[in-house]
2 protein chains.
Amino acid sequence: MGTTQLEAVQEPKYWHLKTVLNDALDSEFEVGEILPNERDLAARFGVARATLRQALEQLELEGRLQRRRGVGTTVAPPRMGVAVGPTTNAWPGAGRDSWNTIGCVEAPAPAPVAALLGTGPDDAVHTIRRERVMQGQSVATELLYVPPASVPNLSGLLTPATHAQAVLRELHTLELDGDDRAVELGSARAEDAKQLDRLPGAPVLVLTTRYYAGGRVAAASVATYRADTCRLTFGDSGAVEVTHHQPESRQAS
Amino acid sequence: MGTTQLEAVQEPKYWHLKTVLNDALDSEFEVGEILPNERDLAARFGVARATLRQALEQLELEGRLQRRRGVGTTVAPPRMGVAVGPTTNAWPGAGRDSWNTIGCVEAPAPAPVAALLGTGPDDAVHTIRRERVMQGQSVATELLYVPPASVPNLSGLLTPATHAQAVLRELHTLELDGDDRAVELGSARAEDAKQLDRLPGAPVLVLTTRYYAGGRVAAASVATYRADTCRLTFGDSGAVEVTHHQPESRQAS
DNA sequence: AAGTGGTCTAGACCACCGA
DNA sequence: CGGTGGTCTAGACCACTTC
């Protein structure tokens with residue numbers, strides 16, 4: 001014997017650490033406050049830095065922390081509620097929405113997207129890149145794919161900016177029959193990560209939308225949302241709004 | 001000089017490893033096939049096991065791999081498309097759905113849920129635990145919260161099983177005004193992880209639903225879906241069905 | 001008992017940020 | 001430049017499954 005460990009730990013250190021830190025975040029820190037650095041924290045808890053990092057990683061995944069290389073680890077604000085429909089059951093870029101057009105190219109879509117659109121794997125489609133900004137922060141990047149068949153009256157090629165506008169404008173002349181969406185977990189590709197101010201591989205929520213018109217899939221979009229800062233909301237009933245949901249445990253007990 | 005590294009690596013090893021493995025999975029492995037163990041793989045690629053694991057972790061996150069302690073690492077099938085509405089805009093447990101009732105208790109709801117329901121933080125609510133099974137696999141666990149005010153005619157207390165049935169039955173007598181949903185990334189709590197046959201902390205998609213009736217939130221549910229195996233679909237138009245979307249790159253080029 | 005993935009350590013160096 | 005988080009190593013031991 002010697003060690004009176006009747007407790008039978010059984011719980012991984014990083015898991016226990018995570019709970020401890022999570023509670024400390026609620027009770028001893030303010031949003032935006034910067035934590036001690038990883039080496040100090042690890043020493044304070046008597047674990048290796050790798051173990052401490054495992055706990056921080058989880059907390060970042062859950063949107064409790066934000067870490068930035070060269071800067072430090074800060075307490076994250078509650079996740080933003082980001083409306084993704086179908087309250088706004090409309091064509092992308094119609095009316096007032098929070099998207100900015102970044103660029104536009106005409107190229108073959110990746111295989112999975114071509115399958116969604118029902119186009120051949122090598123058919124060129126209009127590909128519009130957009131960015132969604134909320135509260136001064138880039139929260140999503142999107143690639144919107146529009147087959148030429150959906151916008152047949154497009155005049156001769158223009159600059160990327162006007163090209164994108166022209167595609168969207170003609171899209172809006174079609175009658176939208178409906179749309180459907182799918183959400184899954186992914187990791188940010190290098191390009192997306194850069195735009196979202198994250199490192200490659202950061203967890204993202206991938207929202208795939210199909211737009212139907214004339215009995216066909218007239219357009220499809222793949223939007224990549226920061227999973228750490230966003231909560232995707234699908235409003236349906238004309239009901240109250242809630243912008244955040246974080247526990248009130250801040251100073252509950 | 002000495003080493004002709006004009007390329008300027010700059011790309012982390014684990015990231016490169018991930019791409020290599022991902023391609024190998026497409027071209028050299030079948031779904032369900034079991035990979036060499038981590039020590040062998042690490043040796044084969046000339047990296048430490050921790051580095052190899054970082055790559056495997058990402059691939060598992062993306063639903064390409066499935067790892068099980070004591071067993072091995074296998075190639076995962078494409079993610080399941082799981083319908084979560086609003087095609088089935090109805091009360092939970094109504095008609096044919098893929099949920100099984102596990103149990104039922106009457107207890108105060110956690111603070112965030114109480115806020116959704118508009119009940120006091122210490123008011124007891126009916127709490128029904130359910131499980132969703134698809135293709136023989138448990139893909140989600142749910143806690144459904146129903147304030148007593150929504151089901152006032154409930155007869156005296158019964159066994160948990162009949163209790164749950166009674167609550168659902170009375171819920172169905174109300175007229176459903178609508179519902180709204182939110183999706184965010186989370187990590188599985190110990191209890192949920194066990195039910196989903198995952199380790200604690202596994203990435204999950206948390207779907208929060210509010211059910212409206214009589215101008216109030218009559219019920220709320222928090223459902224936890226396995227993020228590695230599920231793609232949440234929000235059908236809207238009466239359109240075609242797609243059950244999986246994985247790239248056809250299996251034997252493309 | 002043998003083999004798997006999961007946890008943990010104690011170091012090292014690198015890329016990035018800000019003063 | 002110093003300080004931060006990010007990557008990487010080469011080990012060790014543990015928990016679990018299977019035979």
Side-chain angles (χ1 to χ4, degrees), chain A residues 3 5 7-19 21 33-61 65-76 187-188 190 193-194 197-203 228, chain B residues 3 5 7-19 21 33-61 65-76 187-188 190 193-194 197-203 228:
Chain A
T3 62
Q5 47 175 13
E7 305 276 2
V9 186
Q10 208 65 3
E11 193 179 47
K13 280 190 188 177
Y14 79 92
W15 186 262
H16 181 245
L17 242 185
K18 185 189 130 182
T19 352
L21 285 171
E33 198 172 343
I34 161 170
L35 269 61
N37 72 53
E38 297 183 348
R39 289 161 181 87
D40 286 353
L41 278 179
R44 178 176 317 187
F45 288 105
V47 299
R49 182 154 80 108
T51 305
L52 185 269
R53 278 179 60 80
Q54 211 171 339
L56 294 186
E57 232 155 69
Q58 286 244 359
L59 289 171
E60 188 179 30
L61 194 88
L65 292 179
Q66 185 155 355
R67 301 192 287 173
R68 284 198 297 171
R69 167 154 55 179
V71 181
T73 302
T74 57
V75 181
S187 47
K194 197 171 182 181
D197 189 29
R198 300 265 66 196
L199 291 176
D228 56 343
Chain B
T3 61
Q5 49 175 13
E7 306 276 3
V9 184
Q10 208 62 2
E11 193 179 45
K13 279 190 187 177
Y14 79 91
W15 186 263
H16 180 245
L17 241 184
K18 185 189 131 182
T19 13
L21 284 170
E33 198 172 344
I34 162 170
L35 268 60
N37 73 53
E38 297 184 348
R39 290 160 179 90
D40 285 354
L41 277 179
R44 179 175 317 185
F45 287 104
V47 300
R49 183 154 81 110
T51 305
L52 185 268
R53 277 180 61 80
Q54 212 171 339
L56 293 185
E57 231 156 69
Q58 286 245 356
L59 289 170
E60 188 178 32
L61 194 88
L65 292 179
Q66 185 154 356
R67 300 193 285 173
R68 285 196 295 174
R69 168 155 51 180
V71 180
T73 302
T74 57
V75 181
S187 45
K194 196 170 180 181
D197 189 29
R198 299 264 67 195
L199 291 176
D228 55 343

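Just so it is clear: chains get the letters A, B, ... in the order the sequence lines come, proteins before strands, and each one is counted from 1.
- Taking side-chain N and O atoms only, Tyr14(A) has no distance below 4.0 Å to OP1 or OP2 of dC8(C).
- Whole-Å rounding puts the Ile34(B) CD1 to dT4(C) C1' distance at 8 Å.
- Put simply, Arg67(A) has a side-chain N or O that comes within less than 4.0 Å of OP1 or OP2 on dG6(D).
- If you measure from atom NE2 of His16(A) to atom P of dC8(C), you get 12 Å, rounded to the nearest angstrom.
- Distance, Arg69(A) CZ to dG2(D) C1': 16 Å, rounded to whole Å.
- Of all heavy-atom pairs between Ile34(B) and Val71(B), the closest is CD1-O, 4.2 Å.
- Heavy atoms of Leu56(B) sit nowhere under 4.0 angstrom from any nucleic acid atom.
- At the phosphate of dT7(D), neither OP1 nor OP2 sits under 4.0 Å from any side-chain N or O atom of Thr51(B).
- When heavy atoms are screened at a 4.0 angstrom cut-off, Arg53(A) is found touching base atoms of the nucleic acid.
- The side chain of Asn37(A) contributes no N or O atom lying less than 4.0 Å from OP1 or OP2 of dG3(D).
- Looking at Arg39(B), its side chain comes within 3.5 Å of the base of dG5(C) through a donor and an acceptor atom.
- Inter-residue side-chain proximity for Phe45(A) and Thr51(A) is flagged as unmet; no heavy-atom pair is nearer than 4.5 Å.
- One can place CG of Leu199(B) at 10 Å from C1' of dA15(D), the figure rounded to the nearest angstrom.
- Between dT9(C) and Arg49(A), no contact under 4.0 Å exists linking OP1 or OP2 to a side-chain N or O.
- Between the NZ atom of Lys13(A) and the C1' atom of dA12(D) there is a distance of 13 Å, given to the nearest Å.
- Within the 4.5 Å cutoff, the side chain of Asp197(A) has heavy atoms near those of the Arg68(A) side chain.
- More than 12 heavy-atom neighbours from other residues, nucleotides or ligands sit within 6.0 angstrom of CZ on Arg49(B).
- Atom CD in Gln66(A) sits roughly 13 Å away from atom C1' in dG5(D) (whole-Å rounding).
- Here dC17(C) is the nucleotide among dG6(C), dC17(C), dG6(D) with the atom lying nearest to any side-chain atom of Val71(A).
- At least one side-chain heavy atom of Trp15(B) sits under 4.5 Å from a side-chain heavy atom of Gln58(B).
- One interatomic measurement links the two molecules: CD of Glu38(B) to C1' of dC16(D), which rounds to 14 Å at whole-angstrom precision.
- Along DNA chain C, the nucleotide closest to Pro200(B) and the one closest to Gly70(B) are compared, and the more 5′ of them pairs with Gly70(B).
- At whole-Å resolution of the value, CH2 in Trp15(B) and P in dC8(D) are 12 Å apart.
- Close to dT4(C), at under 4.0 Å from its OP1 or OP2, lies no side-chain N or O of Thr73(B).
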